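First comes the structure, then the notes that go with it.
Reckoned from all heavy atoms, side chains included, excluding hydrogens, waters and symmetry mates. These figures come from a predicted structure and were not determined experimentally. Reminder, nothing fancy here: chain letters follow the sequence lines and each chain counts from 1.
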Amino acid sequence: MPTKIQNTVVYGDPIDQAALKQIHTAAQHERVVHTVLMADHHKGYGVPIGGVVAYREAISPTGVGYDIGCGNMAVKLDLRNTMTREERIQIGRQIQSLISFGVGEKNLQRVWDDRLEGDWWQMPHLKGLRRTAEEQLGTVGGGNHYVDIFEDEDGYVWIGVHFGSRGLGHQIATHFLKEGGAAKGMDAEPLVFEEGHPLFNPYLESMKLAGVYATVGREWACHAIAEQVFAAEILDRVHNHHNYAWLEEHPRFGGEIYVVRKGATPAFDGQRGFIGASMGDDSYIVAGVANDEAAEALYSTVHGAGRVMSRTAARGKYDRRTGRQLQRGQISERAMADWLKERDVLLFGGDLDEAPQAYKRLDEVLVHHQNTIVIKHVLKPLIVLMAGKDVFDPYKD
DNA sequence: ATGTCC
């Protein structure tokens, strides 16, 4: 059950005071009608990750964040898992050669989609971005972005992907934060565009482009892996953005409002979402329900497990120029390898800052939201692929 | 999160 702190509905335990302070700062804007903090919340840039802020006739680029349209897609294959460890290593290698991971990486296969055609590219700030967008479509990026292969409770194989709008969304966000005169700093007041502001519609349209771009990229990655690696049909698909804003109907908060979600999964009655855990835990397909608590939560739930330590706390500090380790992190490669071995997860790429030990346990996090979602599928990770050089040798570790 | 600093 959530608690209510100064009109913000707050999920999770412990409550991160820095994140709470950030959403309270956001809530001070006169157009804000309601705020919610998910159980996987933590401090973000301006608005916390796991923060949901609803506005009357206004939208916030800070609330959507830099990775506009970041989200999750999971597809169920017409295939039951019979893979040996050796076969999983081969599958992992095939996916690595098909999908590009990491900042600035380009897709080896040039892909595009009619849904990305439109007047968008005539907007001055988008003209120069088309080439990058074309090169990066279908690539995964870095940080906590991944491609996972799962097995569900019936033995079916699922592909799950988590990434957003890559350089395109980042440059759109950067452009509007600058043009709108956003205050700088982690705890700065979020930038808000009210309807009628000259940047309101350009931002909304640009956000929508980044959203379509992210969707098409995730779709391509899922389809490419299903067809080119598994040669299997897709039986089911679950998809959503978790960094995005929608104009939605919420009767108890004044009807049509813009709901800005940063690291929060929309979960209206019956709406399914794919919630990814850390690399070493089960992920879930959930669905929203209709009740008072769900309405108060703006029909939103977690987007992941949530960090328990920062990247630097987990991995330590490096000298960026020489690559030399300056300070030890809290997680050792041995501890990470042991966790993955225990659960028989094969990891390709990845780093210590994405280790299971750096995250909460997703099953425990979901307990906080048990009144507003139901679990539809449990997805056990078989293969996890992330940016970076391989930390482990799958033949030995 | 981000061709991680124009």
Checklist entry - What integer distance in Å separates A:R311:CZ from B:dT4:P? => result 16 Å

Item to check | Sequence neighbours excluded - ring-ring contact (aromatic ring centres under 6.0 Å, His included) pairs with any residue from residues 57-110 of chain A | outcome: A:Y45-A:Y66, A:Y66-A:H170

Item to check | Gap between atoms CG and C1', on A:D353 and B:dT4 respectively (whole Å) | outcome: 13 Å

Checklist entry - After noting the C-alpha distance and the side-chain angles of A:S100 and A:T139, does the key distance pass the side chain to side chain donor-acceptor pair (under 3.5 Å) rule? => result CA-CA 5 Å; A:S100 298; A:T139 61; over 6 Å; no

Checklist entry - ring-ring contact (aromatic ring centres under 6.0 Å, His included): which pairs involve residues 252-279 of chain A, sequence neighbours left out? => result A:H34-A:F253, A:F150-A:F274, A:F200-A:Y258, A:H250-A:F268, A:F268-A:Y299

Next on the checklist: Quiz question: by atom type and distance under 3.5 Å, do the side chains of A:Q22 and A:Q17 form a donor-acceptor pair?
Outcome noted: no

Checklist entry - What is the distance, rounded to the nearest whole Å, between atom CG of A:N243 and atom C1' of B:dT2? => result 13 Å

Checklist entry - Taking atom P of B:dA1 as reference, at what distance in whole Å does atom CD of A:E354 sit? => result 6 Å

Next on the checklist: With a cut-off of less than 4.0 Å, is there a side-chain N or O of A:N144 near OP1 or OP2 of B:dA1?
Outcome noted: yes

Item to check | Bracket string, DNA chain B, 5' to 3' - pairs by Watson-Crick or G-U geometry under 3.5 Å, | interstrand | outcome: ......

Checklist entry - Can you check the A:Y213 OH to B:dT2 P distance for me, whole Å? => result 11 Å

Checklist outcome for this item: So salt bridge (charged side-chain N to carboxylate O under 4.0 Å, His left out) across residues 190-203 of chain A, not counting sequence neighbours, yields A:R31-A:E194

Item to check | Touch class at under 4.0 angstrom, heavy-atom based, for A:G44 against every strand present | outcome: nothing

Item to check | Among A:N240, A:T265, A:D40, the one residue meeting side-chain hydrogen bond (donor to acceptor under 3.5 Å, both in side chains) with A:H303 | outcome: A:D40

Item to check | Nearest-angstrom distance from the residue atom NE2 of A:H145 to C1' of B:dA1 | outcome: 6 Å

Checklist entry - Can you tell me how far P of B:dA1 sits from NZ of A:K262, to the nearest Å? => result 12 Å

Checklist entry - Who pairs with A:D281 by side chain to side chain contact (heavy atoms under 4.5 Å, CB included), at least two apart in sequence or on another chain? => result A:A277, A:S278, A:W339, A:R343, A:R361

Checklist entry - After noting the C-alpha distance and the side-chain angles of A:R218 and A:H241, does the key distance pass the side chain to side chain donor-acceptor pair (under 3.5 Å) rule? => result CA-CA 11 Å; A:R218 291 189 286 263; A:H241 302 313; 2.8 Å; yes

Item to check | Residues touching DNA chain B, which here means a heavy atom under 4.0 Å, drawn from residues 161-179 of chain A | outcome: A:R166, A:G167, A:H170, A:Q171

Checklist entry - What's the CE-P distance between A:M386 and B:dA1, to the nearest Å? => result 8 Å

Checklist entry - Would A:F348 and A:L108 show up in the same hydrophobic cluster when neighbours are defined by side-chain heavy atoms closer than 4.5 Å? => result no

